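Residue numbers start from 1 in every chain, and the chains themselves are labelled A, B, ... in the order their sequence lines are given, proteins ahead of strands. These figures come from a predicted structure and were not determined experimentally.
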There are 2 protein chains.
Amino acid sequence: MESSRFKTRMSEEGLKSTRQRAEILEIFLNSAGHQNLGQIYARVAKTDPKIGYTTVYRTLKLLTRLGFAAQRKFADGETRYEPIPEGAHHDHLICLRCGKIIEFEDDHLESLQNRIARRHGFDIFHHRMELYGYCRQCARKKSSIRRKG
Amino acid sequence: MESSRFKTRMSEEGLKSTRQRAEILEIFLNSAGHQNLGQIYARVAKTDPKIGYTTVYRTLKLLTRLGFAAQRKFADGETRYEPIPEGAHHDHLICLRCGKIIEFEDDHLESLQNRIARRHGFDIFHHRMELYGYCRQCARKKSSIRRKG
DNA sequence: TTTGAAATTGAAAATCAATTTCATTTTAAG
DNA sequence: CTTAAAATGAAATTGATTTTCAATTTCAAA
Ligand SMILES: [Mn+2]
Ligand SMILES: [Mn+2]
Ligand SMILES: [Zn+2]
Ligand SMILES: [Zn+2]
């Protein structure tokens, strides 16, 4: 379970396990990804209204540092968080009309990135790759609007 | 010249040409890319201390809207601007140690992005692709440090 | 268990870049 | 020219993020 891995990592770092951290992790892992702090806090507050916004903020920051969460800042400027399964990685397709966020992994893309980096003498640690456009549904609506008007 | 293209675009949009806008564009185009507002303002103020920070802010926003500039927000969170030659596009390699920013273009990457998008039914308008790691010089330093200690 | 140093919490305050306000000045069409 | 609309610049506001600090909780050691 993630919660025990979290406890282990915390004690490794000399951090303490608290009811608040456990609840926040629990709620975070059982929610959809790509939520902003306000949305995460709202869920937490619904379960335990005593937990402060600041604690949610600090816990998400901690989860990010320990690799349980990823902070994302897409082009709309909002800061979102999503749970990250151990060692996993993915990139994003983002719909500019309805806001839908699709995740993808592509080995060719990863190796092409490494090739590009090597060509420039870079040693790559991580990357960010986001594709912005219209999702299938929105592209369909858009073109039907064009046909009519 | 870019400045006449700028005037044309401004009048097309019902905007007025001003000394301030002309000076800011001139300075912006003749500086290195990837500068933040403070840096751009500092240069502008050196030439004409009467021009306000707000005007530089608004002009960069305008240049971005009209396609003369691109606003970039890399992972360090700073907002930077760079001049964009008409219709051009490039992506970035960013050194996590010295901050160096290298630009690259790669047709395979562009077409692979389109293939990935199509696979998910997306119609892509633009994208963001940043590779983070150590540049040649910094990677070299890092490994020599490792050898010694 | 008890103890107590260190860590955590949460409300409030501070920070700080981005944006807006508004009185004044400038532009450019007629 | 005249004049309405746009632009300017200093100051104020906004809003998300981060820090502060007094009170509370955790947990290792006694
Ligand atoms: Mn994701
Ligand atoms: Mn660039
Ligand atoms: Zn959509
Ligand atoms: Zn470097």
Side-chain angles (χ1 to χ4, degrees), chain A residues 3-4 6-25 27 34-66 69-81, chain B residues 3-4 6-28 34-66 69-81:
Chain A
S3 69
S4 65
F6 184 42
K7 282 181 185 169
T8 303
R9 289 292 292 109
M10 281 200 286
S11 82
E12 280 172 8
E13 302 268 328
L15 303 174
K16 291 172 177 173
S17 292
T18 65
R19 177 179 49 73
Q20 288 93 332
R21 284 175 173 168
E23 280 190 26
I24 293 167
L25 175 65
I27 288 165
H34 313 120
Q35 308 242 311
N36 64 34
L37 251 195
Q39 296 170 314
I40 297 166
Y41 170 68
R43 282 179 174 275
V44 169
K46 204 158 52 176
T47 297
D48 183 347
K50 297 285 187 55
I51 296 180
Y53 181 91
T54 311
T55 299
V56 178
Y57 160 74
R58 282 189 285 228
T59 301
L60 266 293
K61 203 172 170 183
L62 174 63
L63 290 172
T64 300
R65 183 161 70 76
L66 299 187
Q71 189 191 62
R72 306 286 188 193
K73 292 192 184 185
F74 300 133
D76 68 358
E78 266 203 67
T79 300
R80 294 163 221 260
Y81 294 88
Chain B
S3 69
S4 65
F6 184 41
K7 280 180 186 167
T8 303
R9 289 293 290 110
M10 281 199 288
S11 84
E12 280 172 9
E13 302 269 327
L15 304 174
K16 293 174 177 173
S17 291
T18 66
R19 177 179 49 74
Q20 289 91 332
R21 284 175 173 169
E23 280 190 26
I24 294 167
L25 175 65
E26 172 74 6
I27 288 166
F28 175 64
H34 314 119
Q35 307 241 314
N36 63 35
L37 249 196
Q39 296 171 315
I40 297 167
Y41 170 68
R43 281 177 175 277
V44 169
K46 204 157 52 177
T47 297
D48 184 346
K50 297 286 187 55
I51 296 179
Y53 180 91
T54 311
T55 300
V56 178
Y57 161 74
R58 282 189 285 229
T59 301
L60 266 293
K61 205 172 168 182
L62 174 62
L63 290 172
T64 300
R65 183 163 69 80
L66 300 188
Q71 189 191 62
R72 307 285 187 193
K73 292 192 184 185
F74 300 132
D76 68 357
E78 266 202 66
T79 299
R80 294 162 221 258
Y81 294 88

When you compare the side chain of B:Phe6 with that of B:Leu62, does any pair of heavy atoms fall below 4.5 Å? yes

Rounded to the nearest 0.5 angstrom, the CG-CZ distance for B:Asn36 and B:Arg72 is 15.5 Å

To the nearest angstrom, the NZ-C1' distance between B:Lys50 and D:dA10 comes to 14 Å

Contact under 4.0 Å: B:Arg19 side-chain N or O vs D:dA7 OP1/OP2:
no

Would you say B:Tyr53 reaches D:dA10's phosphate, i.e. side-chain N/O to OP1/OP2 under 4.0 Å? no

Here the distance between atom P of D:dA28 and atom CG of A:Leu15, to the nearest Å, is 12 Å

Here the distance between atom P of D:dT17 and atom CG of A:Leu60, to the nearest Å, is 11 Å

* Relative to the ring of B:His34, is the ring of B:Phe74 parallel (under 30°), tilted (30 to 60°) or perpendicular (over 60°)? -> tilted

Atom OH of A:Tyr41 and atom P of C:dT9 are separated, to the nearest Å, by 14 Å

key: Sidechain-backbone polar pair: A:Glu23 side chain, A:Gln20 backbone, donor-acceptor under 3.5 Å   = no

OP1 or OP2 of D:dT17 under 4.0 Å from side-chain N/O of A:Thr79
yes

B:Leu37 near the nucleic acid: base, sugar-phosphate alone, or nothing, with a heavy-atom cut-off under 4.0 Å? nothing

By nearest-heavy-atom nucleotide on DNA chain C, the more 5' of A:Thr54 and A:Ser17 is A:Ser17

B:Asp76 atom CG is separated from C:dA17 atom P, nearest whole Å, by 13 Å

In whole angstroms, the gap separating C1' of D:dT26 from CD of A:Glu13 amounts to 17 Å

From CD of B:Gln20 across to P of D:dA10 the rounded distance in Å is 11 Å

- prompt: Taking only N and O in the side chain of A:Arg58, is any of them less than 4.0 Å away from OP1 or OP2 of C:dT9?
  reply: no

Treating A:Arg21 as the side-chain partner and A:Lys16 as the backbone partner, does any N or O pair qualify as donor plus acceptor under 3.5 Å? yes

Winner on side-chain proximity to A:Lys16, out of C:dA6, D:dT8, C:dT20, is C:dA6

**Prompt:** So, is A:Thr18 near the phosphate of C:dT9, with a side-chain N or O under 4.0 Å from OP1 or OP2?
**Reply:** yes

Whole-Å distance, B:Gln71 CD to C:dT19 C1', equals 13 Å

